[in-house]
Amino acid sequence: MKLTAKSIIRRYSCTRSRKDSPGSFYSWAETQVMMQYNQLVQVVEINNSSFLNYPYQLINNPADLKTALEPFMAAKIIGIDCETSGGIDPYRAKIRLVQLAIPHHPVIIIDLAAIDSADLSPLRQLLRGNALKVGHNLKFEWMMLAQAGLKPSRPFFDTYLAYRVLTAGLKCSLSLEAATAQLLNVKLDKKLQTSDWSGELTAAQLQYAAIDAAIVLPLRTNLKRQLKKALLWSTALLEFACLPAVAQMELNGMWLDKQQWQLLRTQLEAQQKTLTRELSSLQIPSPNQQICLLPEFTNSINLRSPKQVLAALQAQGISVSSTNNQALIPLVNEYPIIQALLDYRSLATRISTFAEGLVQHVHPVTGRIHPNWFQIGAKSGRFSCREPNLQNVPRNPATRQCFKPALGYILLKADYSQIELRIMAKVSGDSRMIAAYSKGEDLHKLTASLVLGKSLSEINSSERQLGKIINFGLIYGMGAKKFKNMAQAEHGRVLSLEEASQFRKRFFESYAGIAEFHKHIRKSWLQGIRESRTLGGRRRLWSKDSQPLLNEMLNNPIQGLSADITKLALAKLFAPLNRTGARLICVIHDEILLECPIAEVEPVKALLKRSMVEAGDKFLTPIPCEVEIQMVESWGG
DNA sequence: GCGTACTGCGCC
DNA sequence: AAACGGCGCAGAACGC
């Protein structure tokens with residue numbers, strides 16, 4: 001059906017009138033309407049407010065604090081910012097200033113160095129109140145205030161997260177400076193951000209501090225309007241609701257058994273030594289090679305250099321064009337040295353990135369690992385994690401067994417079962433998938449049976465594994481060639497290109513709903529649409545100078561909704577979890593890790609399951625959502 | 001000597 | 001033309 005501009009706008013307004021709530025969701029058809037609308041509208045916002053000078057009041061004694069906060073107690077919306085001395089690590093830095101802003105009122109700057117913690121109760125009460133707390137990257141303020149015994153309560157409006165929700169997929173700075181320049185046409189001077197906040201403060205420093213708290217209020221107004229206009233309000237609310245859980249998780253950190261880790265490291269290094277000897281036959285090819293019997297004098301290559309490895313392999317008569325796993329795995333049977341090479345490289349990664357790298361992030365104060373969690377780290381809406389990245393710790397038991405709960409605690413490890421396949425079933429409405437899930441059937445087995453033309457009961461575990469590769473590859477648009485390679489590399493099954501494309505064809509014949517879904521997305525891709533939406537309404541954009549890839553558009557609605565679901569679960573979990581002794585310590589996309597006092601396992605387990613299932617059901621119904629929870633002594637099980 | 005792009009690989 | 005997607009990290013290679 002062809003839509004006119006007018007009908008798109010009419011249908012769009014209809015969609016917009018839905019009630020906004022965190023995690024409210026849209027039908028597939030509605031997400032299509034949003035996209036078409038956004039193709040029509042170009043929004044230009046200009047605001048010339050001047051924030052060069054902003055009135056403020058410095059508070060440095062208890063009596064003034066009480067008086068100064070009185071107008072804030074009745075406020076519904078408060079701008080918040082903190083300045084810290086001694087860095088930005090919540091376990092080592094100290095808050096120097098807390099700045100609070102309400103409209104038409106001087107900013108209150110509270111000097112925490114001058115006021116005793118016991119005299120801060122008016123501030124504590126204010127932050128615990130129901131007012132909306134607005135700030136830029138509130139995860140930081142939340143952690144710092146929590147460490148000072150001033151933990152702020154919901155609701156929050158984080159202009160940093162809001163700006164990311166609005167611009168997901170685009171390359172742009174998310175700093176307060178960039179956001180105000182872009183959205184308010186106000187140029188902030190951030191030179192003083194990293195100045196010394198520990199001694200006597202200058203008027204310029206105080207002025208700077210005041211502006212940062214004040215500016216987030218008009219920034220919020222602007223962002224809220226744009227979010228609503230772009231139908232991103234419920235996504236933003238979901239992020240805001242999730243924020244305190246993320247901040248708390250970062251403070252909590254995760255314990256690593258350093259002694260056991262050191263033991264593992266020693267073993268890995270010993271293995272690496274053995275492999276190095278096996279690989280000594282790989283040499284730098286040279287036309288007039290000298291034969292030398294002592295390995296330490298041979299011109300042996302650097303095994304971590306792709307360039308040298310490639311040359312050495314080719315010199316041995318092995319015809320390869322790349323030295324990555326994909327290219328080398330098919331050759332392991334033919335050339336034993338290739339297996340040794342692959343093992344060496346795997347060990348090299350596990351030693352440098354993990355054995356050596358990870359342990360450097362154990363915090364000197366807490367003895368735990370506190371990575372930086374980025375709530376919207378990925379264009380799809382997924383989390384990312386840095387310094388260190390706990391989302392890519394090797395799965396092998398010896399590694400993960402070093403991650404343990406604190407004394408008196410146990411780990412609860414909760415997984416969504418096959419969440420992305422279930423999401424595919426939901427968004428495509430594929431009848432065969434829906435029927436299979438409602439009967440509790442195994443989708444990987446089903447796929448294997450459909451593609452191989454066998455009955456379900458005939459499928460063995462190896463064939464099921466092939467089904468898994470097919471499911472996860474083909475739903476995101478994998479081509480026959482890559483599928484062939486993958487089947488060989490990860491499953492050891494050698495397919496001809498014809499067989500591979502035959503399997504691929506059968507897959508899409510078997511799941512006509514998925515084929516239809518792909519066709520639909522392909523169509524909007526061909527139309528040049530530069531955005532993708534999840535059923536939660538979350539949006540990913542592509543900038544004008546980058547052509548969206550079809551497969552990115554096929555993947556985004558699935559991966560993005562998975563993120564929506566996990567975030568809704570975290571938002572639901574946060575408050576009730578705080579009434580227990582359990583702590584959120586890690587999130588790996590569809591997996592949530594809690595550290596739980598042994599005495600509280602049963603109620604916490606029930607709470608965790610309920611939060612996750614409710615979040616899943618909200619988006620997946622009628623597809624059942626399954627969550628598996630394990631109680632374990634370590635992350636390794 | 002320093003910053004950046006690339007390769008390769010760990011996870012979901 | 002480009003053909004599973006999403007990350008972060010380490011080391012080598014290269015350009016300034």
Side-chain angles (χ1 to χ4, degrees), chain A residues 168-169 301-310 321-329 341-358 360-361 371-374 376-396 399-400 415-421 423-424 468-487 489-490 500-501 504 507 514 518 521-522 525-526 532 534 540 546-563 565-566 586-592 635:
Chain A
I301 62 165
N302 179 351
L303 293 168
R304 296 200 72 162
S305 160
K307 197 179 165 190
Q308 293 178 34
V309 168
L310 185 64
S321 55
S322 159
T323 68
N324 61 23
N325 274 338
Q326 187 102 350
L328 295 188
I329 285 176
L341 177 63
L342 295 177
D343 290 346
Y344 177 89
R345 273 205 309 231
S346 168
L347 268 173
T349 301
R350 281 162 59 196
I351 290 169
S352 61
T353 305
F354 299 104
E356 294 173 357
L358 228 140
Q360 290 171 15
H361 291 99
N372 294 324
W373 289 99
F374 292 93
I376 320 182
K379 294 165 190 165
S380 57
R382 269 190 178 181
F383 281 76
S384 77
C385 179
R386 293 183 56 190
E387 294 177 328
N389 183 2
L390 288 186
Q391 294 185 314
N392 71 343
V393 173
R395 282 186 69 93
N396 75 73
T399 306
R400 290 206 176 179
D415 280 274
Y416 280 110
S417 150
Q418 295 179 5
I419 190 74
E420 295 201 352
L421 267 191
I423 291 172
M424 179 48 106
K468 199 172 171 179
I469 294 172
I470 295 173
N471 279 338
F472 286 121
L474 297 194
I475 62 171
Y476 302 132
M478 188 192 279
K481 196 172 166 189
K482 184 141 188 174
F483 169 48
K484 170 188 178 292
N485 291 339
M486 215 165 219
E490 290 183 22
S501 65
R504 196 169 174 280
F507 175 85
I514 298 181
H518 279 199
I521 292 183
R522 189 186 173 81
W525 177 68
L526 286 170
S532 163
T534 71
R540 170 177 172 181
S546 78
Q547 185 62 31
L549 300 181
L550 173 60
N551 290 337
E552 293 170 343
M553 300 192 93
L554 293 177
N555 172 276
N556 188 257
I558 314 292
Q559 192 181 111
L561 189 64
S562 172
I565 290 173
T566 299
C586 198
V587 176
I588 311 105
H589 309 304
D590 61 352
E591 174 182 339
I592 296 177
W635 194 10

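Within every chain, numbering begins at 1; the chains are lettered A, B, ... in the order of the sequence lines, protein sequences first and strands thereafter.
With rounding to whole Å, Tyr344(A) atom OH is found 14 Å from dC9(B) atom C1'. For Lys484(A) and dA3(C), the NZ to C1' distance is 16 Å, given to the nearest whole Å. Between Leu303(A) atom CG and dC9(B) atom C1' there is a gap of 16 Å when expressed in whole angstrom units. Here dC12(B) presents its P atom at 15 Å from CD1 of Ile592(A), a figure rounded to the nearest Å. Glu387(A) has its CD atom 9 Å from the P atom of dA10(C), to the nearest Å. Computed from coordinates, the Leu561(A) CG to dG5(C) C1' distance equals 15 Å when rounded to whole Å. Atoms CH2 (Trp525(A)) and P (dA1(C)) sit 12 Å apart, rounded to a whole Å. When rounded to the nearest whole Å, the span between CD1 of Ile588(A) and P of dG8(C) equals 15 Å.
In this structure, Leu550(A) reaches neither bases nor backbone, as no heavy-atom distance under 4.0 Å exists between it and the strands shown. Across all strands, Asn325(A) comes closer than 4.0 Å only to sugar-phosphate atoms, never to a base (heavy-atom distances). At the heavy-atom level, Phe383(A) lies nowhere under 4.0 Å from the strands shown. Backbone-only engagement by Lys379(A) is indicated by non-hydrogen atom pairs under 4.0 Å involving sugar-phosphate atoms exclusively. As judged by a 4.0 angstrom heavy-atom cut-off over every strand, Arg522(A) is placed among residues making no nucleic acid contact.
Residue Asn551(A) places no side-chain N or O under 4.0 Å from the OP1 or OP2 atom of dA3(C). OP1 and OP2 of dG10(B) both lie 4.0 Å or more from every side-chain N or O belonging to Ser352(A). For Ser305(A), a side-chain nitrogen or oxygen approaches OP1 or OP2 of dA13(C) to under 4.0 Å. Residue Arg350(A) places none of its side-chain N or O atoms closer than 4.0 Å to OP1 or OP2 of dC9(B). Distances shorter than 4.0 Å separate none of the side-chain N or O atoms of Lys307(A) from OP1 or OP2 on dC6(B). Neither OP1 nor OP2 of dC4(C) sits under 4.0 Å from any side-chain N or O of Arg504(A). Considering only side-chain N and O atoms, Ser346(A) lies under 4.0 angstrom from the phosphate OP1 or OP2 of dG10(B). Of the side-chain N and O atoms in Arg382(A), none sit less than 4.0 angstrom from OP1 or OP2 of dC12(B). For Arg540(A) and dG6(C), the shortest distance from a side-chain N or O to OP1 or OP2 is below 4.0 Å. Residue Gln391(A) has no polar side-chain atom (N or O) positioned under 4.0 Å from OP1 or OP2 of dG6(C). The phosphate of dG8(C) (OP1 or OP2) has a side-chain N or O of Ser384(A) nearer than 4.0 angstrom. At the phosphate of dG8(B), OP1 or OP2 sits under 4.0 Å from a side-chain N or O atom of Thr323(A).
A donor-acceptor pair under 3.5 Å is absent between the side-chain atoms of Thr399(A) and the main chain of Arg395(A), judged by distance alone. With hydrogens and angles disregarded, a donor-acceptor distance shorter than 3.5 Å links the side chain of Arg504(A) to the backbone of Met478(A). Without hydrogens or angle criteria, Gln308(A) side chain to Ser305(A) main chain gives no donor-acceptor distance under 3.5 Å. The main-chain N or O of Leu550(A) is never found under 3.5 Å from a side-chain atom of Arg522(A) such that the two would form a donor-acceptor pair.
Between Trp525(A) and Ser532(A), the closest side-chain pair of non-hydrogen atoms is not below 4.5 Å. For the pair Thr566(A)/Val587(A), a side-chain contact is recorded, criterion being any heavy-atom separation below 4.5 Å from C-beta on. With a 4.5 Å cut-off on side-chain heavy atoms, Leu328(A) and Asn324(A) do not count as touching.
Separating the C1' atom of dC2(B) from that of dC7(C) is a span of 26 Å, rounded to the nearest Å. Of the C1' atoms belonging to dG3(B) and dG5(C), the separation is 29 Å, rounded to the nearest Å. On the P atoms, dA3(C) is 24 Å away from dC11(B), given to the nearest whole Å.
Of the candidate nucleotides dC12(B), dG8(B), dA13(C), dA13(C) has the atom nearest to the side chain of Gln308(A). Closest to the side chain of Lys482(A), from the set dC12(B), dC4(C), dC11(B), is dC4(C). Comparing dC11(B), dC9(B), dC9(C) against the side chain of Arg345(A) picks out dC9(B) as the nearest.
Donor-acceptor pairing under 3.5 Å, judged by distance alone, is present between the side chain of Asn392(A) and the base of dG10(B). Contact of Gln559(A) with dG5(C) (side chain to base): a donor-acceptor pair of N or O atoms is detected under 3.5 Å.
Contact check on Arg382(A) versus Glu420(A) returns a salt bridge, with a Lys/Arg side-chain nitrogen under 4.0 Å from an Asp/Glu carboxylate oxygen.
Nearer the 5' end of DNA chain C, as judged by each residue's closest nucleotide, is the contact made by Glu490(A), out of Glu490(A) and Ala378(A).
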